[in-house]
Amino acid sequence: MDGIGEATIRRISWRLMPLLCLLYLVAYIDRQNVAFAKLQMVSDLGLSEAAYGLGSALFFLGYCIFEIPSNLILERVGPRLWFARIIGAWGLVTFALGFAWTPTSFYVLRFLLGVAEAGFFPGVLYLLTLWFPQADRARAIGLFLIASAFANAVGAALGGLLLELDGVAGLRGWQWVFIVTAVPALLLVPVVLARLPRGPAEARWLTGEQKAWLAATLAEEGVAREHANPLRALGDRRVILLCLAFLGFPLSAYGLSYWLPTIVRGFGVGDAANGLLNVIPWLTVAAALWWLPRWAARRTGVRRFIVGPAFVGAICLVMATVLPSPPLQFAALCIAAAAIFAGQPFFWVLPGRFLTGAAAAAGFAAINSVGNLGGFAAQAAVPKIHDVTGSALAPMLFLAAMLTLSGAAVFLIERYIPR
């Protein structure tokens, strides 16, 4: 890459990525706060572990149904207006969850939270195809995904502390979890409207020369790759194969993040200590997401950087069930969490090899929506496995099996994706 290219990518990274990462951090906290709220909410609403898992999983059903339409709208109206709509809506629904009074209201609000947030993650992936050439995309996606790791870390520490507010202002601790975590999303709406450009052409902080370099580079990469009708991308066999291959990654990620506070509580710690201990795995994830894309940038190919971490994560999930002590089990879960996330920046480079424009918006949404069915399956299946086995660690075997299948699928199909 020449000097103008390096300067352009550096400026885009500093100007664009902090805001996108902050939005994803808030989004991830608002979808995962149920992991800590459940420690009190289950008894208050009279729910079993399996019934609560189903309610939590309804988020992914709403997300999946509305994700493709949301991304197609984003491609038409632009990210500024649509992201502002998304974060405002999910903030309001999160706030309302603090006042869920029956199991039915909890189910409805979790479904609506998925509807509200639908399209955000694949929308960002599509947005990055407008700003970053392929050679720089894995690092940008890795940086973006770091926000989810910090969100789990911040959410874990915050969730445990907010539960300690039980009784303040006549509210239960789980209510404070939802109310407090809703506020940042609502405050970010005017920030997005003021700071997020529709595309590189509107970025006042790029020079004319930098805009021209980026437009020429992306145009050269995108020749003959876009479907005439974006909905035809949904029938592309490569998109279908990537949908199936991706399923195990979010399934294992959400299954682990949803259930980890319950596992740690089984080690005999209190709510605040539980929250602080849950910070450690996500700091490990952040380190892996920062290091691996930079290390891989000096090497060719992406398949090994997807498949290798998947198999390592699966092995560590199994090890967590057989190791003899809680510290060793916890260490295995930390490594598993890092491995589950570390390969995903490279996976999301694959659709961009053959999709651009509106077709990319539809393709990213399709792959992510099917993947989020894995989140639905994880949050419904993990509590059921626990109820049947009586073991908090037994669900890790299910997550390991799904992650292994996804790693094997990527190994088999990556050769069919154009380079």
Side-chain angles (χ1 to χ4, degrees), residues 32 34-36 38-40 42 48-50 52-53 56 148-149 152-153 155-157 159-160 163 248-289 291-292 307-344 374-375 377-408:
Q32 292 299 95
V34 293
F36 277 90
K38 105 175 176 64
L39 300 179
Q40 293 179 355
V42 166
S48 67
E49 290 281 2
Y52 192 83
S56 300
S148 67
N152 275 299
L163 287 176
F249 290 100
L251 190 153
S252 55
Y254 285 117
L256 181 59
S257 62
Y258 167 78
W259 198 246
L260 196 56
T262 301
I263 293 175
V264 174
R265 185 175 63 174
F267 296 158
V269 303
D271 288 338
N274 191 346
L276 293 175
L277 282 172
N278 269 269
V279 171
I280 299 173
W282 306 115
L283 293 180
T284 307
V285 170
L289 285 169
W291 170 77
L292 187 59
V307 177
F311 288 163
V312 169
I315 291 169
C316 289
L317 287 171
V318 174
M319 293 297 294
T321 68
V322 299
L323 289 170
S325 67
L328 291 176
Q329 293 166 352
F330 185 69
L333 292 172
C334 290
I335 299 172
I340 288 168
F341 282 86
Q344 292 189 40
Q379 295 200 8
V382 165
K384 288 185 178 180
I385 295 171
H386 168 264
D387 288 348
V388 170
T389 64
S391 168
L393 285 167
M396 299 302 102
L397 297 175
F398 168 68
L399 302 184
M402 296 299 102
L403 190 58
T404 299
L405 289 174
S406 279

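Taking each heavy atom of Ala400 and Val318 in turn, the nearest pair found is CB-CG2, 3.7 Å. Between Pro309 and Gly343, the shortest heavy-atom distance links the atoms CB-N, 4.0 Å. When all heavy atoms are compared, the tightest approach of Ala338 to Thr284 is CB-CG2, 3.6 Å. In terms of heavy atoms, Ala320 sits closest to Leu333 at CB-CD2, 3.7 Å. Residue Cys316 comes nearest to Ala332 through the heavy atom pair CB-O, 3.4 Å, listed as atom of the first residue, atom of the second, then distance. In this structure, Leu289 and Ala342 approach most closely via the heavy-atom pair CD2-CA, 4.0 Å.
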Exercise for the section: Under the side-chain contact (heavy atoms from CB on, under 4.5 Å) rule, what do Leu403 and Leu399 come out as? Steps first, then yes or no, please. Expected result: CA-CA 6 Å; Leu403 190 58; Leu399 302 184; over 6 Å; no
Exercise for the section: For the pair Leu256 and Met396, evaluate side-chain contact (heavy atoms from CB on, under 4.5 Å) and give the outcome as yes or no after the intermediate values. Expected result: CA-CA 8 Å; Leu256 181 59; Met396 299 302 102; 3.8 Å; yes
Practice task
Tell me, with the steps shown, if Phe249 and Met402 meet side-chain contact (heavy atoms from CB on, under 4.5 Å).
Solution key: CA-CA 8 Å; Phe249 290 100; Met402 296 299 102; over 6 Å; no
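For Ala378, the side chain to side chain contact (heavy atoms under 4.5 Å, CB included) criterion is met by Leu251, not counting sequence neighbours.
Atom CD of Gln344 sits about 9.5 Å away from atom OG of Ser406, to the nearest 0.5 Å. Taking CH2 from Trp282 and CG from Leu260, the interatomic distance works out to 6.5 Å, rounded to the nearest 0.5 Å. The structure places CZ of Phe311 at 6.5 Å from OG1 of Thr404, a figure rounded to the nearest 0.5 Å. One distance of note links CG of Leu393 with NE2 of His386; it measures 9.5 Å at 0.5 Å rounding.
Taking the side chain as every heavy atom from C-beta outward, Pro281 and Phe330 approach each other to under 4.5 Å. Residues Leu397 and Leu317 form no side-chain contact, since every pair of their non-hydrogen atoms from C-beta on lies 4.5 Å or further apart. You'll find the side chain of Ile280 reaches within 4.5 Å of the side chain of Leu277, heavy atoms only.
Side-chain atoms of Ser257 come within 3.5 Å of backbone N or O of Tyr254 as a donor-acceptor pair.
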